[in-house]
Amino acid sequence: MLTLHTADLLLTGDPSRAPLPRGALLADGRTVAAVGPYDELAAAHPAARVRRWPGLLTPGLLNPYGPELLERTYHPDPREADALGTEPLTGEAALAAFGPADARRGASARRGVQRMLAHGTVAVAGPLRHPAVADAVRRAGLVRRDRAAEPPGEPCLDPLAGHRPLTEAFLAPLLPYEGRIATFAVFDVPDETALAGRGAATCVATVIEGRLLYRRR
């Protein structure tokens with residue numbers, strides 16, 4: 001099924017290409033069929049379903065803190081809010097929350113993955129040694145990348161935190177689109193400068209392999 005995703009501005013992730021006003025990405029199932037001006041793609045594919053997004057459509061983001069955020073951080077269940085609060089727990093508090101059962105680690109990782117999706121994250125870097133955590137990442141469709149060493153800075157759900165350059169945060173550019181998987185994110189900001197300044201918490205949609213896995217309500 002063809003789906004045409006369009007936003008006020010499309011950023012390909014290739015620094016040599018200018019942002020595309022009223023740009024669009026045409027997804028054919030899990031793959032990218034075309035990237036270009038919305039009017040041209042809509043005219044060429046009139047039967048395509050159209051999803052209109054506010055702001056900026058970009059490649060999906062890579063969070064370099066995979067094990068730190070998913071294996072060393074406990075993401076409380078909303079039903080635990082009275083006892084544990086709602087924010088992620090680290091250090092001794094996380095170890096106590098995990099307990100001896102691996103099932104709690106897997107459930108925490110699934111909630112952590114949902115938080116990542118809400119920040120436009122489509123991939124994580126770093127070794128995932130707990131099977132339940134690796135399974136949560138795999139089931140969500142996130143890509144796992146190797147890394148040479150632990151990244152500097154404080155682990156954060158926002159891949160753009162610490163003034164990380166957009167070119168480093170993008171998993172892969174949208175162009176050339178041939179052979180690309182339809183994986184991208186949309187942020188409710190007017191341009192890349194605003195995205196860098198306001199961060200990935202402005203995400204309104206995350207799509208992985210053509211599937212809309214997060215949409216801000």
Side-chain angles (χ1 to χ4, degrees), residues 1-14 17-63 66 70 109-125 134-145 157 159-160 166-167 169-192 195 200-217:
M1 180 178 182
L2 294 176
T3 303
L4 191 58
H5 297 268
T6 183
D8 301 324
L9 191 67
L10 185 146
L11 195 65
T12 68
D14 181 348
R17 298 177 186 268
L20 185 60
R22 280 179 53 83
L25 180 150
L26 181 67
D28 186 359
R30 65 187 297 270
T31 62
V32 179
V35 174
Y38 168 74
D39 291 339
E40 292 182 11
L41 295 184
H45 305 277
R49 178 178 60 176
V50 177
R51 287 192 181 274
R52 299 181 186 276
W53 302 107
L56 183 66
L57 190 155
T58 78
L61 304 182
L62 167 69
N63 192 306
L70 296 177
R110 288 191 292 274
R111 293 188 291 270
V113 164
Q114 290 304 310
R115 287 174 178 256
M116 287 182 161
L117 291 171
H119 288 78
T121 296
V122 301
V124 296
D135 185 64
V137 168
R138 179 185 60 80
R139 286 178 177 272
L142 268 68
V143 174
R144 193 196 66 78
R145 289 284 176 86
L157 286 165
L160 303 178
L166 290 177
T167 52
F170 291 146
L171 176 63
L174 299 177
L175 288 174
Y177 67 82
E178 291 84 354
R180 297 278 185 198
I181 300 299
T183 294
F184 57 91
V186 187
F187 302 90
D188 191 9
V189 294
D191 53 36
E192 56 189 305
L195 176 58
T202 57
C203 181
V204 294
T206 303
V207 175
I208 296 180
E209 296 186 358
R211 296 178 298 151
L212 181 60
L213 296 187
Y214 169 75
R215 181 175 187 175
R216 183 191 293 174
R217 299 186 182 279

So, taking the atom named CG in L166 and the one named CG in L11, what distance separates them when rounded to the nearest 0.5 Å? 7.0 Å
Gap between atom CD of Q114 and atom OG1 of T121 - 0.5 Å precision: 11.5 Å
Less than 4.5 Å apart, side chain to side chain, heavy atoms only: is that true for L9 and E192? no
Cut-off 3.5 Å, no hydrogens considered: what does the side-chain donor-acceptor table look like for residues 51-63, sequence neighbours left out?
{"residue": "R52", "atom": "NH2", "partner": "Y38", "partner atom": "OH", "Å": "2.9"}
{"residue": "W53", "atom": "NE1", "partner": "H5", "partner atom": "ND1", "Å": "3.2"}
{"residue": "N63", "atom": "OD1", "partner": "Y65", "partner atom": "N", "Å": "2.9"}
{"residue": "N63", "atom": "ND2", "partner": "C156", "partner atom": "O", "Å": "3.0"}
{"residue": "N63", "atom": "ND2", "partner": "L157", "partner atom": "O", "Å": "3.4"}

Closest non-hydrogen contact found for A118 with C203 is O-CB, 3.3 Å
With a 4.5 Å cut-off on side-chain heavy atoms, are V122 and V143 touching? no
The test is side chain to side chain contact (heavy atoms under 4.5 Å, CB included); show your working for V124 and M116 and say whether it passes. CA-CA 9 Å; V124 296; M116 287 182 161; 3.6 Å; yes
Got L142 and L117 here, is their nearest side-chain heavy-atom distance under 4.5 Å? yes
In the structure I gave you, are the side-chain heavy atoms of L2 and L4 within less than 4.5 Å of one another anywhere? no
What donor-acceptor contacts under 3.5 angstrom involve side-chain atoms of residues 17-35, with partners at least two apart or in another chain?
{"residue": "R17", "atom": "NE", "partner": "D14", "partner atom": "OD2", "Å": "3.3"}
{"residue": "R22", "atom": "NH2", "partner": "D39", "partner atom": "OD1", "Å": "2.8"}
{"residue": "R30", "atom": "NH2", "partner": "E209", "partner atom": "OE2", "Å": "3.4"}
{"residue": "T31", "atom": "OG1", "partner": "D28", "partner atom": "O", "Å": "3.2"}

Are more than 12 heavy atoms from other residues, nucleotides or ligands located less than 6.0 Å from atom CZ of R138? yes
For R215, does the CZ atom have more than 12 heavy-atom neighbours from other residues, nucleotides or ligands under 6.0 Å away? no
The reported gap from CZ in F184 to OG1 in T12 (rounded to nearest 0.5 angstrom) is 14.5 Å
Could you tell me whether a side-chain N or O of T206 sits under 3.5 Å from a main-chain N or O of Y214, the two making a donor and an acceptor? no
Work out which heavy atom in A136 is nearest to a heavy atom in A109; give both atom names and the distance. CB-CB, 3.9 Å
Show the atom names and distances, to 0.1 Å, of all donor-acceptor pairs under 3.5 Å that link a side chain in residues 172-181 to residues at least two apart or in another chain.
{"residue": "R180", "atom": "NE", "partner": "P173", "partner atom": "O", "Å": "3.2"}
{"residue": "R180", "atom": "NE", "partner": "P176", "partner atom": "O", "Å": "3.0"}

Closest heavy-atom pair, A140 versus R211, reported as atoms and distance to 0.1 Å, is O-NH2, 3.6 Å
